[in-house]
Amino acid sequence: MKLAKYLLISLVAITMVSCGDDEPKNTFVRDFTMIYPQHAAGHKMISKIERNYDNGASSVATANYDGDHLKSVNVVNRDMKGDLISEETIHFDYNNGAIICDKSIQDVTYSFEVNRSGSITRLKNETTSRTAASLTYSNDNEVEIAQIVSPSSSDVTKVVWDNGKLMNWVSTGVNKKDTVAYEYGEGAPLNKGGIDIVGNESFTFTMFVCAIMRNAGLYGATSTYLPTVFKKGVDHSQDGESSQDEENQLKRYNISYVFDSDGYVTSYTTNESPKYTVKITYR
């Protein structure tokens with residue numbers, strides 16, 4: 001019986017795994033000139049993000065690079081028993097301006113456009129020939145508005161910044177209204193490595209794929225400082241309700257960081273439930 005059980009688990013895992021780090025079979029070709037993002041002195045590229053829950057569940061995102069340019073991101077999610085839930089690999093083709101997704105459910109190719117800073121302004125699903133995302137940026141290359149379109153919904157996220165600090169974002173859609181707000185406090189840590197901050201909104205791709213894309217500059221600037229508190233919940237600011245009512249809907253979570261000797265974040269922990277720790281490894 002044990003042998004049959006292990007064989008069944010192995011078969012499920014094989015059927016769920018995508019093409020891994022192998023080059024995808026991409027037939028999408030077009031004339032495209034990539035503008036690569038430039039980074040400030042001291043910026044570090046992320047090679048791995050690991051999230052481990054106290055209940056045993058985990059997610060691991062591993063980034064590969066071609067020189068200084070992000071080449072692929074592989075994400076593996078496991079449940080509390082350590083069994084594979086899902087795996088996906090996202091490949092970046094800068095010659096043709098495309099992102100190729102190898103997923104267990106569906107493979108998708110997105111073409112993209114960039115602004116003069118190398119940040120993505122539009123994603124087009126080449127299978128459906130429809131725009132999947134459009135993003136606008138400030139003069140400081142900070143995402144201000146992102147519209148994400150899927151077959152079933154169209155969500156708009158508005159982002160507020162203050163002197164390089166990401167203050168909050170609000171996402172609205174069909175039967176959906178979410179917000180995350182941040183507090184930095186006196187002496188908030190400098191975001192030396194250019195990591196994505198806790199709870200940031202994902203655009204088209206999953207959370208850790210977006211986190212690595214932001215670190216690589218493909219989704220614009222990252223917050224200059226690291227928040228010590230984030231608040232999440234339902235935003236009623238556009239319903240005509242008072243700001244006090246809105247604030248009461250937001251649950252407050254503390255963020256604690258661990259830094260290396262040079263001031264780069266190596267891990268952070270929140271008091272969300274279930275509790276988790278995120279570990280960051282740089283190239």
Exercise for the section: Under the side chain to side chain contact (heavy atoms under 4.5 Å, CB included) rule, what do D83 and R78 come out as? Steps first, then yes or no, please. Expected result: CA-CA 5 Å; D83 293 335; R78 297 186 181 277; 6.0 Å; no

Exercise for the section: Would you check, one step at a time, whether the test side chain to side chain donor-acceptor pair (under 3.5 Å) holds for S119 with N141? Expected result: CA-CA 8 Å; S119 299; N141 203 35; 2.9 Å; yes

Problem - I255 and V198: CA distance, side-chain angles, deciding distance, side chain to side chain contact (heavy atoms under 4.5 Å, CB included) verdict - result: CA-CA 8 Å; I255 312 167; V198 180; 4.0 Å; yes

Practice task
Decide side chain to side chain contact (heavy atoms under 4.5 Å, CB included) for D93 and I99; before the verdict, give the C-alpha distance in whole Å, the side-chain angles of both, and the deciding distance to 0.1 Å.
Solution key: CA-CA 6 Å; D93 174 6; I99 299 175; over 6 Å; no

Problem - Step-by-step side chain to side chain contact (heavy atoms under 4.5 Å, CB included) determination, V159 to V143 - result: CA-CA 7 Å; V159 187; V143 172; 4.2 Å; yes

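Between I49 and V278 the shortest side-chain heavy-atom distance falls below 4.5 Å. Between Y268 and S256 the shortest side-chain heavy-atom distance does not fall below 4.5 Å. Side chains of L250 and T179 form a contact here, defined as non-hydrogen atoms less than 4.5 Å apart. Contact annotation: the side chain of E88 approaches that of V209 to within less than 4.5 Å [non-hydrogen atoms, C-beta and beyond]. When side chains are defined from C-beta on, T222 does not count as touching I197, because their heavy atoms never get closer than 4.5 Å. Considering only heavy atoms from C-beta on, E272 comes within 4.5 Å of F230 through its side chain. The shortest side-chain heavy-atom distance between D107 and C101 does not fall under the 4.5 Å cut-off. Counting heavy atoms from C-beta outward, I148 and T157 have side chains that stay 4.5 Å or more apart.
Because its NZ or CZ atom is both nearer than 6.0 Å to the ring centre of Y65 and within 45° of the ring axis, R283 counts as a cation-pi partner of that residue. The side-chain tip of K165 points at the ring of Y184 from less than 6.0 angstrom away and within 45° of straight on. In this structure, K231 fails the cation-pi test against Y182, since its NZ or CZ atom is not both closer than 6.0 Å to the six-membered ring centre and inside 45 degrees of the ring normal.
In this structure a side-chain-to-backbone donor-acceptor pair under 3.5 Å is missing from D66 to L70. A distance-only check finds a donor-acceptor pair linking the side chain of S138 to the backbone of D140 [under 3.5 Å]. Checked by atom type and distance alone, the side chain of N115 pairs as donor or acceptor with a backbone atom of S117 at under 3.5 Å. Distance alone, capped at 3.5 Å, is enough to place a donor-acceptor pair between the S47 side chain and the T281 backbone. In this structure, the side chain of Q147 does not engage the main chain of I145 through any donor-acceptor pair within 3.5 Å.
Side-chain rings of F205 and Y110 approach one another, their centers coming within less than 6.0 Å. The distance between the ring centers of Y53 and Y276 falls below 6.0 angstrom. Between Y219 and F203, the distance from one ring center to the other falls under 6.0 angstrom. The distance between the ring centers of H69 and F92 does not fall below 6.0 angstrom. Ring centroid separation for the pair Y94 and Y36 comes in under the 6.0 Å cut-off.
More than 12 non-hydrogen atoms from other residues, nucleotides or ligands lie less than 6.0 angstrom from CG of D162. Within a 6.0 Å radius of CZ in R30, more than 12 heavy atoms belonging to other residues, nucleotides or ligands are found. The environment of N163 atom CG is sparse: at most 12 non-hydrogen atoms of other residues, nucleotides or ligands sit within 6.0 angstrom. Other residues, nucleotides and ligands contribute at most 12 non-hydrogen atoms within 6.0 Å of the NZ atom of K48.
At a cut-off of 3.5 Å, with distance as the only test, no side-chain donor of E144 or T136 sits close to an acceptor on the other residue. Counting only N and O atoms by type, the side chains of N77 and S59 include a donor and acceptor under 3.5 Å apart. Between the side chains of T266 and D260, no donor-acceptor pair of N or O atoms lies under 3.5 Å. No side-chain N or O of S58 forms a donor-acceptor pair with one of R51 less than 3.5 Å apart.
A continuous path of ILVMFWY side-chain contacts below 4.5 Å connects Y257 to L190, so both sit in one hydrophobic cluster. Both I212 and M207 belong to a single network of hydrophobic side chains, linked directly or stepwise wherever heavy atoms of I, L, V, M, F, W or Y lie under 4.5 Å apart. Each of V75 and M80 belongs to its own hydrophobic cluster when Ile, Leu, Val, Met, Phe, Trp and Tyr are linked at side-chain heavy-atom distances under 4.5 angstrom. No continuous path of hydrophobic side-chain contacts links V149 to V170 [ILVMFWY only; heavy atoms under 4.5 Å]. L226 and V229 fall into different hydrophobic clusters, where Ile, Leu, Val, Met, Phe, Trp and Tyr side chains are chained together by heavy-atom contacts under 4.5 Å.
Closest of all the heavy-atom pairs between E142 and A221 is CG-CB, 4.1 Å. The nearest pair of heavy atoms linking A63 to I46 is CB-O, 3.5 Å. Of all non-hydrogen atoms in A181 and N168, the two that sit nearest each other are CA-CB, 3.8 Å. Nearest heavy atoms, T89 versus S72: CG2-CB, 4.4 Å. In plain terms, the two heavy atoms of V265 and F259 that are nearest each other are CG2-CE2, 3.5 Å. Residue N215 comes nearest to G194 through the heavy atom pair ND2-O, 3.1 Å, listed as atom of the first residue, atom of the second, then distance.
Of the listed residues (T269, N52, D54), just one forms a side chain to side chain donor-acceptor pair (under 3.5 Å) with T277, and that residue is T269.
Ionic pairing of E113 and K124 is not present here: no N-O contact between side-chain nitrogen and carboxylate oxygen is shorter than 4.0 angstrom. The residues R214 and D196 are annotated as salt-bridged, a charged nitrogen and a carboxylate oxygen being separated by less than 4.0 angstrom.
Rounding to the nearest 0.5 angstrom, the gap separating the NZ atom in K158 from the OG atom in S171 is 11.0 Å.
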